[in-house]
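One structure below.
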2 protein chains.
Amino acid sequence: MSVKNTIVVIDDEAQIRKVLSITLEASDYKVVEADCAKDGILQAATAHPQLVILDIGLPDRDGFSVIKELRTWTSIPIIILSVRNSEEDIVKALDLGADDYLTKPFNSSELLARIRASIRRTQQPSEENVISTGDLKIDYSSRVVTKNKKEIKLTNTEYLLLALLFKNMGKVLTHGFILREIWGPSSTENSQYLRVFIGQIRKKIEDDHADPKYITTESGVGYRMRFVK
Amino acid sequence: MSVKNTIVVIDDEAQIRKVLSITLEASDYKVVEADCAKDGILQAATAHPQLVILDIGLPDRDGFSVIKELRTWTSIPIIILSVRNSEEDIVKALDLGADDYLTKPFNSSELLARIRASIRRTQQPSEENVISTGDLKIDYSSRVVTKNKKEIKLTNTEYLLLALLFKNMGKVLTHGFILREIWGPSSTENSQYLRVFIGQIRKKIEDDHADPKYITTESGVGYRMRFVK
DNA sequence: CGATTCCATAAAGATTTCATAAAGACGAAA
DNA sequence: TTTCGTCTTTATGAAATCTTTATGGAATCG
């Protein structure tokens, strides 16, 4: 279940705010309304919105100055609404940092599509993919393993093997399974070089590799990665 | 001295292409023209543009399918031009991944402002336009790389490659990923010329290129840009 | 307990991958 | 067209990695 995206609507006409709210809420956005520039900026700062819809014609302040002020501290997308379809206004708004410009009366499905496009752009990948045990940590997105925050240099095969063990933390992985996963289905059942690699990895990650605490041997079966507090 | 931003214009009407070229070149963009979808995609993959302008009505293929195909491998901004001001088309284009939609006849200063807005956004995601590591610094807004405040002369491809590494500082980038990002989806899996370029860049940025501290090799995997204090 | 199988490690050989130079191809600009 | 800068390809030796072999120690089982 995803959390709803919040949109701040800054417009002095109650009618327009109402139409926008209904439209946006029907598309599963959370809407925060503001009827003047001052309140709009406050809401933008406190409601943590994913987008701002701003009417350029406000009673208390020039809408362009609102764009300017917002851009001093945030880069969330701003879509401008205006009754004026003047080239000059469009250029000014966009160059001040607005992301899009629509003229009233606007088409609601076009507005929604432009909102989706703007939000899509800001939601670029930033997901971290990290698993840790003891003082060991693996980061799949950057493909780096650290021990005590210090990076450990691993060859490609060593990394693949360690990543496989991490992903199956606590489970016993049989020799056959590991060999098939890393060396492909046509790999021989010879687990000799698996031992060589486990040995290499242990040298690099275990404090005492005569008594390994991370990768334990399950004699006759395979290996297991242990979760260490 | 900053390198010009490149824009690929895909339109079958020579007249429109000419007008666009003149307009864009007057604003200091480098323009690459294509008169059909096939050539357009090729140019988008090889010319390393910062933006694509796409006419939705092309002779050889549906423009929507071009958006779709481009979006399988690149996230550079796409601005759609169309004679049809239909809500349906706008929504479809934006949801397929286009960044903006303008109807012909378009206003050239509005188009330029929308281009600036789109390019600005792509050069922003790292929050700052400048990233540095050690005595190296990259400025995305001016496309300039400096070492000890001294500018380093880079070819376009070298810049793109270095910028990609900077943007993913600390992450291991696989050969395949780098090749797709820089040379497009049709690039071969041959990483030989990637090595050549890495070699060139190292000559320019590393103090001792027998022992590189900025760009390290992850044998069998790819390369990584390191953060140096 | 033996005997047997399984495991850990070192080290040598085989293979893959990498760095670099240099030559050819290509395209943009004069 | 020619020139120049850049990109692509090819070739070569070096480096890193993987695989195999050998040896002795540990675990397992009758």
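Rounded to a whole Å, the CZ atom of B/Arg195 is 15 Å from the P atom of D/dA11. The nearest whole Å value for the distance from the CG atom in B/Leu161 to the C1' atom in D/dC7 is 13 Å. Atom-to-atom, OH of B/Tyr193 to C1' of D/dT6 comes out at 14 Å; the value is rounded to the nearest Å. The nearest whole Å value for the distance from the CG atom in B/Asn156 to the P atom in D/dC7 is 7 Å. The CG-C1' distance, from B/Leu194 to D/dT9, rounds to 15 Å in whole Å. Straight-line distance from the CD atom of A/Gln200 to the C1' atom of D/dC18: 10 Å, rounded to whole Å. One can place OH of A/Tyr159 at 16 Å from P of D/dT17, the figure rounded to the nearest angstrom. One interatomic measurement links the two molecules: NZ of B/Lys30 to C1' of D/dT6, which rounds to 11 Å at whole-angstrom precision.
Residue contacts for B/His48: at a heavy-atom cut-off of 4.0 Å it reaches no nucleic acid atom on any strand shown. Residue contacts shown for B/Lys153 are limited to sugar-phosphate atoms, with no base heavy atom under 4.0 Å away.
For A/Lys213, the NZ atom counts as densely surrounded, since its 6.0 Å shell holds more than 12 non-hydrogen atoms of other residues, nucleotides or ligands.
Donor-acceptor pairing under 3.5 Å is lacking for the side chains of B/Thr74 and B/Arg71.
Between B/Trp183 and D/dC7 there is no side-chain N or O to OP1 or OP2 distance below 4.0 Å. Contact between the side-chain N/O atoms of A/Thr155 and the OP1/OP2 oxygens of D/dC18 is found at a separation under 4.0 Å.
From the 5' end on, the contacts that DNA chain C makes with chain A at under 4.0 Å to a non-hydrogen atom open and close at C/dC6 to C/dA10.
Sorted by first and then second residue, the pairs that involve residues 30-40 of chain B and meet side-chain hydrogen bond (donor to acceptor under 3.5 Å, both in side chains), not counting sequence neighbours, are B/Arg17-B/Glu33, B/Ser21-B/Glu33, B/Asp39-B/Gln43.
For A/Gln192, taking side-chain heavy atoms from C-beta onward, the closest of the listed nucleotides D/dA11, D/dA22, D/dT8 is D/dA22.
Comparing B/Gly199 and A/Tyr223 against DNA chain C, the residue whose closest nucleotide sits nearer the 5' end is A/Tyr223. In this structure, A/Val196 and A/Ser219 both approach DNA chain D, and ranking their closest nucleotides by distance from the 5' end singles out A/Val196. Take the nearest nucleotide of DNA chain D for B/Gly220 and for B/Thr157: the residue whose nucleotide is more 5' is B/Thr157.
Ring pair A/Tyr159/A/Tyr140 is perpendicular by interplanar angle, where above 60° counts as perpendicular and below 30° as parallel. Aromatic ring pairs are classed by plane angle as parallel below 30°, tilted from 30° to 60° and perpendicular above 60°; the pair A/Trp183 and A/Phe197 is tilted.
Both tests do not hold together for A/Lys147 against A/Tyr214: distance to the six-membered ring centre under 6.0 Å, angle to the ring axis within 45°. Seen from the ring of B/Phe177, B/Lys171 does not count as a face-on cation partner, given the 6.0 Å and 45° thresholds.
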